[in-house]
**Q** 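After the structure tokens below, expect a handful of questions from me.
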Amino acid sequence: MPRTRLYSLDELDDIPGTKVFRARASREAYHLHKFCMSLMKPENREAFKADERGYIDRYRMSDEQKAAVAARDLSKLIELGGNMYFLVKIASTDGWSAQKAVSSMSGMSAEEYAQMMLDGGRSPEGLRSKREGN
Amino acid sequence: MPRTRLYSLDELDDIPGTKVFRARASREAYHLHKFCMSLMKPENREAFKADERGYIDRYRMSDEQKAAVAARDLSKLIELGGNMYFLVKIASTDGWSAQKAVSSMSGMSAEEYAQMMLDGGRSPEGLRSKREGN
Amino acid sequence: MARITAGIATSHVPAIGAAIDHGKQRDLYWAPVFQGYEFVKEWVKSNTPDVVILIYNDHASALMLDIVPTFAMGFAEEFLPADEGWGRRPVPTVYNHLDLAAHVAEQLVIDEFDITLINEMDVDHGLTVPLSLVFGQVEEWPCKVIPIIVNVTQFPTPSGERCWKLGEAIRNAVKTFPEDLNVQVWGTGGMSHQLQGTRAGLINEEFDRRFIDLLAHEPEELIPITRLEYLREAGTEGIELIMWLIMRAALGYGVEEKKRFYRVPASNTAVGHVVYETKS
Amino acid sequence: MARITAGIATSHVPAIGAAIDHGKQRDLYWAPVFQGYEFVKEWVKSNTPDVVILIYNDHASALMLDIVPTFAMGFAEEFLPADEGWGRRPVPTVYNHLDLAAHVAEQLVIDEFDITLINEMDVDHGLTVPLSLVFGQVEEWPCKVIPIIVNVTQFPTPSGERCWKLGEAIRNAVKTFPEDLNVQVWGTGGMSHQLQGTRAGLINEEFDRRFIDLLAHEPEELIPITRLEYLREAGTEGIELIMWLIMRAALGYGVEEKKRFYRVPASNTAVGHVVYETKS
Ligand SMILES: [Fe+3]
Ligand SMILES: [Fe+3]
């Protein structure tokens, strides 16, 4: 009795420049995300700013995750299981706008990215499917 | 477009000697239940035993709920919105067995209740429906 | 009897909330965005609901770390605006209508929706930015709000079909509530945007405009859009549009479109907004 | 391919756990209860699963205060036994099979079950007492466990029909998991009991025995039992029997009953237990 599914879950990997956030992978980022959500309290933001390394070490993140947090490498953090809704709390703590945070992954400068958005954003042409190239 | 429901929710009130625990009523017991769940930590059980009144006052329960906790009046606590799975944590803290806790609501002594259970429990005859009396 | 009188959909971009809170509504960048909401701010004065059932997604504010529900309902008496990393928004506390919320929850479970009740939580920009856009800067919100939260972020997410059915079930539940209440259903989020990867900044105006074109009178064209298609066409966060479907389904067949608005960009996002009145 | 090879149902009375933990299994009161589990303890030695999908209800241990999900899945790497008011049970940590859990979760949502994933929680007697009854006092549990939690306490609770469909969907999900795994599905809780009010101590042996009679080969007679009927006939906590239905549905049509056991009382509860092997 093979099942008819709405889509193959593997197709989620077919979108260029995109990592779909899935339950299984989220486990790899549980402690990273716990760290991110701790930044929703002002006293924790202060503690983090006062001693980044010491604060980061309170959380059971992998060394790779810790290094990527320290480097504000959001692309890397997403690769390591993170999701942007958690990660943006690091950017907010730094006083970055959401646009600046997002642009840091886009392969262009913050200014170029901002201009692209003003010009109507990034076209989906050619970015729908790796397989189809459309 | 009147809807056909599986049962009328009002029928939940039709069972003799029974208060069905419903979402709306649970709100009245939120802080009572918060207190109960705090007793899942040994240090809180100790603090409660050391100073019952002081510990109870940390929680935003109603005065009626506080008095019923102090009196270990489980029937009253259920009337005030409580559910047994929360309340039993008070009994456990007191070192009561679940059977003793349950018997305290049954209208009989712990010994009578224990004997009734050994004899096969309470028959459902006459206790199914107030309306039907069956 | 309670009845659903209107529906509103709108994007819920956090930067829009910040622009309101910091008085930037007339800035060159923001003025054209806020212009799109002039109509609804006027309209709502004579169409103030008793209760808004507000469908949104939580952005790792109250949920997503320890708990990831597919559909959740806020079930506390009140909700504070969340601190999303830059302090709580200076907006009023949100008060629930617990009697209607309990009724809807019971009816939804009877209709085989496996919802999760959340007895304590803060509400983030997904809920408060739409309230600000519609009601402006007020001392207190003029109505009660029942928050319904949809997982649109962590796959598996619910399908468009499932969301549509949820909207229909909400409609049926409200209709069977005995008290006389004027209820609106709002769906927030969207339109196309992507907040991650080298594809960040994606906007699909064609997709968005078609979505708005069809939503009022031909929503059946939109219901079958798959999760994957939203991601491909509208970006990883464009899938928030499934919450517009819940709103639309809750209104029933006959609606009148009072307003539509579309503008690119606000921060990373295409902004869309519609106001529908029901005819039933 | 993963396959479901067997199903077990059993009551999960906390006092049974305490009797095991305090070495009272041969006491006059307890001996006749534990005798009923001699078979399964022997049987499981040659039928040890790789994974148990264990359907139970949380008793205000991890859930019910701030979060009340209809259906939840434990989604952490490991779960500690909960401290339910008298310290944690001295039993091993429970380890999850996250790959299968993630697969089942994804398939369930695709099948329109609106489950909630719980990323951190303790597991209470509803899960640990059945493990003790089947595996005895061990250093570590001989298999992985995927906890699935059903709300049977706070109305609205899911119907028997909905639970049956959930069991069918679990079956379909397991069948499509590519790895070769021997999976058992357990349903815990019941049988008749009521823990509150002047009706406390209710036992309905006739109802319970009919339930066991029909479960293996005529479960279609049991699926339509309404929530209200469970409360009326089997007591407010007797509704836990809907979790036996999930187990049964997950096994498919052909099962062989290897064991059935029924005994009154254990503490406040009628104890029931069955072991089924699948024929598919
Ligand atoms: Fe959003
Ligand atoms: Fe139980």
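Each chain gets a letter, A, B and so on, in the order its sequence line appears, and its residues count up from 1. Excluded from the calculations below are hydrogen atoms, water molecules and symmetry mates; all remaining heavy atoms, backbone and side chain alike, are included.
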**Q** With chain A as the partner chain, list the residues of residues 193-200 of chain C whose heavy atoms fall under 4.5 Å from it, by residue number, and write 'none' if nothing qualifies.
**A** C:Gln194, C:Leu195, C:Gln196, C:Gly197, C:Thr198, C:Arg199, C:Ala200

**Q** So how far is it from A:Met37 CE to C:Leu63 CG, rounded to the nearest 0.5 Å?
**A** 8.0 Å

**Q** Please examine the side chains of A:Tyr30 and C:Asp66, heavy atoms only from C-beta on, and report whether any two atoms are closer than 4.5 Å.
**A** yes

**Q** Select, from C:Ala18, C:Pro224, C:Ala60, the one with the greatest count of heavy-atom pairs under 4.5 Å involving chain A.
**A** C:Ala60

**Q** Select one option (side chain, backbone, both, neither) describing which atoms of C:Ser192 are under 4.5 Å from chain A's heavy atoms.
**A** neither

**Q** Less than 4.0 Å between a side-chain N and a carboxylate O, is that true for A:Glu11 and C:Arg232?
**A** yes

**Q** Examine whether an atom of A:Ser75 lies under 4.5 Å from a heavy atom of chain C, and if so say whether it belongs to the side chain, the backbone or both; otherwise answer neither.
**A** neither

**Q** In terms of heavy-atom pairs under 4.5 Å, which option from A:Arg22, A:Glu79, A:Gln99, A:Arg45 contacts chain C the most?
**A** A:Arg45

**Q** Out of A:Pro124, A:Gly121, A:Ser104, A:Gly120, return the one with the most heavy atom pairs under 4.5 angstrom to chain C.
**A** A:Pro124

**Q** Give, for atom OG of A:Ser123 and atom CD1 of C:Ile203, the distance between the pair rounded to the nearest 0.5 Å.
**A** 11.0 Å

**Q** Kindly compute the distance separating CZ (A:Arg128) from CG (C:Leu231), expressed to the nearest 0.5 Å.
**A** 13.0 Å

**Q** Is there side-chain contact between A:Lys34 and C:Leu65, with heavy atoms separated by less than 4.5 Å?
**A** yes

**Q** Let me know if C:Tyr29 has heavy atoms under 4.5 Å from chain A in its side chain, its backbone, both or neither.
**A** side chain

**Q** Just wondering, are more than 12 heavy atoms of other shown residues or ligands nearer than 6.0 Å to CZ in A:Arg60?
**A** no

**Q** Quick check on A:Met117 against chain C: is it the side chain, the backbone, both or neither that has a heavy atom closer than 4.5 Å?
**A** both

**Q** Could you list which of residues 233-242 of chain C have a heavy atom closer than 4.5 Å to any heavy atom of chain A, in residue-number order?
**A** C:Glu233, C:Thr236, C:Glu237, C:Glu240

**Q** Less than 4.5 Å to any heavy atom of chain C: does that hold for the side chain of A:Tyr113, its backbone, both, or neither?
**A** side chain

**Q** Are the side chains of C:Asp122 and A:Met40 in contact, using a 4.5 Å heavy-atom criterion?
**A** no

**Q** Looking at A:Arg131, I want to see if its CZ is surrounded by more than 12 non-hydrogen atoms of other residues, nucleotides or ligands under 6.0 Å.
**A** yes

**Q** Taking atom CD of C:Glu221 as the centre, does the number of heavy atoms from other residues, nucleotides or ligands within less than 6.0 Å exceed 12?
**A** yes

**Q** Would a 4.5 Å heavy-atom cut-off, applied to side chains only, mark C:Thr153 and A:Met84 as touching?
**A** no

**Q** Is chain C contacted by the side chain of A:Asp14, its backbone, both, or neither, given a heavy-atom distance below 4.5 Å?
**A** both

**Q** Relative to chain A, which segment of C:Asp124 carries a heavy atom at a distance below 4.5 Å: side chain, backbone, both, or neither?
**A** neither

**Q** How many angstroms lie between OG in A:Ser26 and CZ in C:Phe155, if you round to the nearest 0.5 Å?
**A** 13.5 Å

**Q** Does a sphere of radius 6.0 Å around NZ in C:Lys24 hold more than 12 heavy atoms from other residues, nucleotides or ligands, not counting ones at 6.0 Å or beyond?
**A** no

**Q** Does either side chain, that of C:Asp58 or that of A:Tyr85, offer a donor lying less than 3.5 Å from an acceptor on the other one?
**A** no

**Q** Give, as side chain, backbone, both or neither, the part of A:Leu39 having an atom under 4.5 angstrom from any heavy atom of chain C.
**A** backbone

**Q** Select one option (side chain, backbone, both, neither) describing which atoms of C:Glu205 are under 4.5 Å from chain A's heavy atoms.
**A** neither

**Q** Determine whether more than 12 heavy atoms belonging to other residues, nucleotides or ligands lie under 6.0 Å from atom NZ of A:Lys41.
**A** no

**Q** Any idea which heavy atoms bring A:Asn83 and C:Met64 closest together, and the distance?
**A** OD1-CE, 3.9 Å

